[in-house]
Amino acid sequence: MAFDMKRNGVFLCFFLCSLFSMSTFGQKSIEKGFADLQEKNFGLANEHFRSGLKKSGSIACFGLSKLFITQDFRNLDSAYVYVLKADSLWAAVSEKVKVKWKSDFSFDKMAIEAQQQLVSQLIFDEIQANPTVYAWNQFIQHHAQFLSRNTAIYLRDQLAFQLAKEKKTSVALKMYMDSLPESSFAQEAKHLYFDLEYAEMTNDGQLASYVRFYENCPTNTHLMEAAKEIYRLATINHSLEEYVHFVRTYQSSPFVNEAWRNVYKIYLKDYSVEKYAAFQQEFPNYPFMQELAVDIDLFQMKLYPVISVGKYGFMNTQGKLMIPAMYNEVGPFQEGLAVVSKDDKFGIIDKKNQMVVDFQYDEILEFVQNRAIVRKGEKYGVIDRLGKLVFPLIYEDISIREDSLYEAIEEGRSHYFDLNYSQQLSLSGIVFIDFSKYTSSRHPEFEFVGDLDRTSNRAVVKVSGQLNYIDSTGKLMLTNSLEWFPDALSVAKYNNGFAVYRKKDKYGLIDINGKVVQKNVYESSGPFTGFWPVKDKGNWALLDVKGKVILPFEYDFIRFMPDLGYLIEREEQFGLLNSMGNMILPVSFSTIKRFEDAYYLVSIDEKFGLFLKDGREILPIQYERIQRFDVESFVLTLDGRLTYFFPETRAFISLAE
């Protein structure tokens, strides 16, 4: 037993000595390794650090990690492997050894972490100098503790995004988004993906391609753009048939309501109550049926132009302002549309004050049979009620004739068209011959030829410097010619079988046979027109065919106006006799004009009034302007305000204050 105890003591002593010897040996190898590393004896440092791996593994790995980041022994992957191993072995080191290593080599947990960050940074820099997505992925995966790992992720994502963009395909962008859904470039990639997807699927510009895109890519940001193109291509000719097909085929389109409104607008371009009823019957699913009822009421509502603060608007029959006074000029509403102007440009509005034709023309005339002549610059064309050009803007002038044909001037030549711009080669089957020109061409001996009075079959001619008459065949009717005088073509013209003649500078009257019925005693004369205006001793009178005085010689002038009667003047004031010789208007007016068939427009000191043909006053002389507005009313201007007068009921309408 004593021997065993002695033997055990010897063994313990040997073990402790061996342990001390081994520890001392490991310590010495590490010391030599760091010394060699300091002296740049990298080969010896490698041997010494490796010699200490079994006895001082953590610090030996740390030393190898430092060795492998040197330029001569550089291997960053090995450096990173050894620093990780140093960290993993650190936990098994005794506290006593940790204290000693800290004291001798400044080696501790913080030193390991600092080395790990350093190695990671060196690897980061190396990848950044020659980056690949794979290298970044490997780095991000194995360097989880790197403080700038997020920067590595950003650079990886940036590089991957750039490579995907360079391929210029939606497939490449889709793969990028799927593989890196959390990328900082995810949104930008998504937008680019949508752009490429849209461009690839619609690059042929065909309607079917846009429809396929719209149906298969509901989240794409170009969806509205595709819908707009579908609408444009499906209605490219802007025809009723196209719009009807669109509303029935593309019912989910965001433009279906706009298409419906175009169906409505084109269908009802020729406004009438019957058209409204037909539209309701043909399109019972029209989504704005309540508005349609309002439109019918608006269509039947009369609107009248008014002035407020220098601008024009429209009021209803109760004087309520329905369209704000916002225009420089306006025309009357015709079948639901009115011409208006702003800033010297003309357009067209409906009764909702919605623009039908934008302000683009320098002139728009009133609609006639659903057509309006327009001017832009110096060129004329014709539009329909939707503003579509029926005649192109190429003509120097356009006018509409009584036979409803348009005469269009191009390079000085006239061309004739119907309402649909179909050229007409022949204007009419009737040829009107100018009697004067025709007779002059056949009788060169006649110096002048007047118009033929068909009731007496006589026309004035000047032949051999004398006055004579011919019939419709050109035969001279007087044996003895008469004296030619100025204005003979109009004054000496036959009327109701009598004509004025002059002899020795005095005027008289002859019958159809040239026989004198009133001697030439007057110093001046107007034409005989049932009564005879004559001048004697500086004053004018009106006689009948027998010389009876109808008006005495006390007027400054009397002349016959075909559309008025006998206009009489005295001291710069005018009166009026009718063709029967009855005084209609006394001599007290500044002007007298025929106004349509039933009225006379008169003025005193630039103020106007209106009288009936029998001389009764219908509007007092106080207005600055009187114009016909429509078949039922006149528009009156007074003190800058517009008032509407209805002669049948003698009612007035003006804008309510």
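For this chain, numbers begin at 1 and follow the sequence in order.
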Quiz item: Passes side-chain contact (heavy atoms from CB on, under 4.5 Å), V382 versus V374? Steps please.
Solution: CA-CA 6 Å; V382 176; V374 297; over 6 Å; no

Exercise. Check the pair E242, H245 against side-chain hydrogen bond (donor to acceptor under 3.5 Å, both in side chains), reporting the backbone distance first and the verdict last.
Key: CA-CA 5 Å; E242 286 177 331; H245 178 264; over 6 Å; no

Quiz item: Which is it for F124 and W136 under the ring-ring contact (aromatic ring centres under 6.0 Å, His included) test, yes or no, and what are the steps along the way?
Solution: CA-CA 8 Å; F124 177 94; W136 282 125; 5.2 Å; yes

Exercise. Please report the C-alpha distance between Y380 and Y395 in whole Å, then the side-chain angles of each, then the deciding distance to 0.1 Å, and finally whether the ring-ring contact (aromatic ring centres under 6.0 Å, His included) criterion is met.
Key: CA-CA 5 Å; Y380 289 81; Y395 296 103; 9.4 Å; no

Exercise. Take W260 and F288 through the ring-ring contact (aromatic ring centres under 6.0 Å, His included) test and state the conclusion after the steps.
Key: CA-CA 9 Å; W260 267 119; F288 309 107; 8.3 Å; no

Quiz item: Given Y327 and N353, is the side-chain hydrogen bond (donor to acceptor under 3.5 Å, both in side chains) satisfied, shown in steps?
Solution: CA-CA 11 Å; Y327 300 109; N353 199 28; 2.5 Å; yes

Exercise. Walk me through it: do H238 and N262 pass the test side-chain hydrogen bond (donor to acceptor under 3.5 Å, both in side chains)?
Key: CA-CA 8 Å; H238 307 291; N262 278 305; over 6 Å; no

Exercise. Dump the intermediate steps for side-chain hydrogen bond (donor to acceptor under 3.5 Å, both in side chains) on N285 and R248, then the final yes or no.
Key: CA-CA 10 Å; N285 56 337; R248 290 173 176 169; over 6 Å; no

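The list of ring pair (Phe, Tyr, Trp, His ring centres under 6.0 Å) pairs with a residue in residues 35-60, not counting sequence neighbours, reads F34-F49. Within the structure, the salt bridge (Lys or Arg N to Asp or Glu O under 4.0 Å) test picks out the following pairs touching residues 336-349 (sequence neighbours left out): K345-D362.
Taken to the nearest 0.5 Å, the CD atom of E229 stands 11.5 Å off from the CZ atom of F213. Note that OG of S341 and CZ of F346 are 4.5 Å apart. Values are rounded to the nearest 0.5 Å. Atom CZ of R212 is separated from atom CG of N216 by 8.0 Å, given to the nearest 0.5 angstrom.
Judged purely by atom type and a 3.5 angstrom limit, E282 has no side-chain atom pairing as donor or acceptor with the backbone of A278. Without hydrogens or angle criteria, N237 side chain to S239 main chain gives no donor-acceptor distance under 3.5 Å. The backbone N or O of L655 lies less than 3.5 Å from no partner atom in the side chain of K320, so there is not a single donor-acceptor pair. R149 places a side-chain N or O within donor-acceptor distance of the main-chain N or O of I140, the cut-off being under 3.5 Å. In this structure a side-chain-to-backbone donor-acceptor pair under 3.5 Å is missing from S308 to A325. K85 places no side-chain N or O within donor-acceptor distance of the main-chain N or O of C61, the cut-off being under 3.5 Å. Of the possible donor and acceptor atoms, one in the side chain of R74 sits under 3.5 Å from a partner among the backbone N and O of I69. S56 places no side-chain N or O within 3.5 Å of a backbone atom of I59 that could act as its donor or acceptor partner. The closest donor-acceptor contact from the side chain of N220 to the backbone of F194 lies under 3.5 Å. Proximity of a side-chain donor or acceptor of T202 to a complementary backbone N or O of G205 within less than 3.5 Å is not detected.
With respect to the salt-bridge test (charged N to carboxylate O, under 4.0 angstrom), the residues K388 and D384 do not qualify. Salt bridge absent: E47 and R50 never bring a charged side-chain N and a carboxylate O closer than 4.0 Å. At a threshold of 4.0 Å, the pair K352-D295 counts as salt-bridged, since one of the basic side-chain nitrogens sits closer than that to a carboxylate oxygen. Between E291 and R261, at least one side-chain nitrogen of the basic residue sits less than 4.0 Å from a carboxylate oxygen of the acidic one, meeting the salt-bridge criterion.
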Got a list of side-chain donor-acceptor pairs under 3.5 Å for residues 166-178, not counting sequence neighbours?
residue	atom	partner	partner atom	Å
E166	OE2	Q162	NE2	3.4
T169	OG1	A172	N	3.2
S170	OG	E200	OE1	2.6
K174	NZ	D178	OD1	3.3
K174	NZ	D178	OD2	3.0
Y176	OH	D157	O	3.0
Y176	OH	S183	OG	2.6

Side-chain donor-acceptor pairs under 3.5 Å in residues 112-120, sequence neighbours left out?
residue	atom	partner	partner atom	Å
Q115	NE2	S65	OG	3.0
Q117	OE1	L147	N	3.0
Q117	NE2	Q145	O	2.8
S120	OG	Q116	O	3.0
S120	OG	H143	ND1	2.8

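Other residues, nucleotides and ligands place no more than 12 heavy atoms under 6.0 Å from the NZ atom of K54. Annotation for Q300: atom CD counts as buried by contact number, over 12 foreign heavy atoms lying within 6.0 Å. When the shell of 6.0 Å around NZ of K302 is examined, it contains more than 12 heavy atoms from other residues, nucleotides or ligands. In the displayed structure, K376 atom NZ is contacted under 6.0 Å by more than 12 heavy atoms of other residues, nucleotides or ligands. Atom CD of Q354 is surrounded by more than 12 heavy atoms from other residues, nucleotides or ligands within 6.0 Å. By the neighbour-count criterion of 12 heavy atoms within 6.0 Å, atom OH of Y276 is densely surrounded, having more than that number from other residues, nucleotides or ligands. Summarising the local packing, NZ of K190 is surrounded by 12 or fewer heavy atoms from other residues, nucleotides or ligands at distances under 6.0 Å.
Taking the six-membered ring for Trp and the full ring otherwise, F62 and Y82 have centroids separated by 6.0 Å or more. Within the 6.0 Å centre-distance limit, the rings of F107 and W90 are counted as a close aromatic pair.
Annotation for C217 and M201: closest pair SG-SD, 3.6 Å, computed over non-hydrogen atoms. Of all non-hydrogen atoms in A227 and Y214, the two that sit nearest each other are CB-CE1, 3.7 Å. Taking every heavy atom of both residues into account, G381 and L393 meet most closely at N-CD2, 3.5 Å. Counting all heavy atoms, side chain and backbone alike, M224 lies closest to P254 at SD-CG, 3.6 Å. Contact record, F105 with E31: CZ-CG, 3.4 Å, taken as the closest heavy-atom pair. Residues L192 and K165 approach most closely at CD2-CG, 3.4 Å, considering heavy atoms.
In this structure A372 satisfies the side chain to side chain contact (heavy atoms under 4.5 Å, CB included) test together with I364, F367, I383, sequence neighbours excluded. By the side chain to side chain contact (heavy atoms under 4.5 Å, CB included) test, I394 is found to be paired with P392, E410, Y421, residues two or more places apart in sequence or in another chain being considered.
No side-chain donor from either of Q141 and N137 sits under 3.5 Å from a side-chain acceptor of the other.
Within the cation-pi definition used here (under 6.0 Å to the ring centroid, within 45° of the axis), K228 does not qualify as a partner of F255.
Using cut-offs of 30° and 60° for the angle between ring planes, the Y264 and Y286 rings count as parallel.
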